[in-house]
Amino acid sequence: MALRIREFTLADYEPAYALWKRTEGIGLSQADERPNIARFLEHNPGMSFVAEEDGALIGAVMCGSDARRGFLHHLAVDASRRRAGVGRMLVECCLDALARQGLRKCHIFVLLDNEEGRRFWRRIGWEERTTLVVMSHDLGPAPAGAGGTAPSIP
């Protein structure tokens with residue numbers, strides 16, 4: 001069985017989404033619909049990765065930055081291939097991509113009740129931040145034809 005890590009492309013969306021859906025601890029929303037993932041990949045080229053084994057997608061992670069910090073999203077490895085270093089390899093590819101852009105820090109949001117995920121991140125050297133609270137604001141549905149451009153300010 002040959003393991004291959006390569007860049008995540010939009011052609012990987014369906015198998016990656018299926019993997020995310022069957023992976024406990026990953027929360028999916030409208031933000032994870034195909035057009036949004038396409039926009040994310042376009043905005044962060046060469047930073048997200050998949051793992052394939054014998055042509056089947058067995059792992060995926062999305063990575064991006066705001067030009068100051070890196071962020072990982074939806075790291076998932078098929079249950080039958082966990083504890084084989086696949087997740088660690090995917091993370092290392094993302095961290096290398098961020099470092100090439102000059103970034104020195106990366107974050108990941110982990111659901112509070114995702115104990116297995118939290119153990120994984122601690123095991124590979126990540127620190128759980130207890131001094132932060134994530135706050136969100138829903139902007140509502142995107143207007144028809146929204147291309148993600150900011151309105152002009154007079």
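Start at 1 with the first residue, then count along the sequence.
- When the shell of 6.0 Å around CD of E33 is examined, it contains more than 12 heavy atoms from other residues, nucleotides or ligands.
- Under the salt bridge (Lys or Arg N to Asp or Glu O under 4.0 Å) criterion, E116 pairs with R82, sequence neighbours left out.
- M62 belongs to a hydrophobic cluster whose remaining members, ordered by chain and number, are F8, L10, Y13, Y17, L19, W20, I26, L28, I37, F40, L41, V50, L57; membership requires side-chain heavy atoms of ILVMFWY residues under 4.5 Å apart, directly or through intermediates.
- S48 has its side chain out of reach of E7: every pair of non-hydrogen atoms, C-beta onward, lies at least 4.5 Å apart.
- Closest approach of V61 to C94, counting heavy atoms only: CG1-SG, 3.4 Å.
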- Task: Could you check L98 against K105 for side-chain contact (heavy atoms from CB on, under 4.5 Å), going step by step and ending with a plain yes or no?
- Result: CA-CA 8 Å; L98 291 167; K105 191 164 207 162; over 6 Å; no
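- In terms of heavy atoms, G64 sits closest to N44 at CA-OD1, 3.2 Å.
- Hydrophobic clustering (side-chain heavy atoms under 4.5 Å, transitive across Ile, Leu, Val, Met, Phe, Trp, Tyr) groups I124 together with L72.
- Put simply, the side chain of E53 never gets that close to the backbone of L3: no donor and acceptor are under 3.5 Å apart.
- When all heavy atoms of A51 and V86 are compared, the closest pair comes out as CB-CG1, 3.6 Å.
- Contacts of E128 classified as side-chain contact (heavy atoms from CB on, under 4.5 Å), with partners at least two apart in sequence or in another chain: R118, R122.
- Residue pairs satisfying the salt bridge (charged side-chain N to carboxylate O under 4.0 Å, His left out) criterion with at least one member in residues 91-104, sequence neighbours excluded, are absent.
- Between the side chains of D32 and H73, not a single donor N or O lies within less than 3.5 Å of an accepting N or O.
- Taking the side chain as every heavy atom from C-beta outward, L103 and L95 never approach each other to under 4.5 Å.
- Note that CD1 of I108 and SG of C106 are 7.5 Å apart. Values are rounded to the nearest 0.5 Å.
- Panel note: side chain T23, backbone A76; no donor-acceptor pair is recorded below 3.5 Å.
- More than 12 heavy atoms of other residues, nucleotides or ligands shown are found within 6.0 angstrom of CZ on R123.
- Using a 4.5 Å heavy-atom threshold, the side chains of N114 and F120 count as separate.
- The two residues H74 and G27 come nearest to each other via the heavy atoms CE1-O, 3.3 Å.
- A distance of 5.0 Å separates CD1 of I58 from CZ of R81, quoted to the nearest 0.5 Å.
- Here the closest non-hydrogen pair linking R6 and D12 is NH2-OD1, 2.5 Å.
- Residues meeting the side-chain contact (heavy atoms from CB on, under 4.5 Å) test with V133, sequence neighbours left out: M135.
- Through direct or relayed side-chain contacts under 4.5 Å between Ile, Leu, Val, Met, Phe, Trp and Tyr, V134 connects to F71, F109.
- More than 12 heavy-atom neighbours from other residues, nucleotides or ligands sit within 6.0 angstrom of NE2 on H107.
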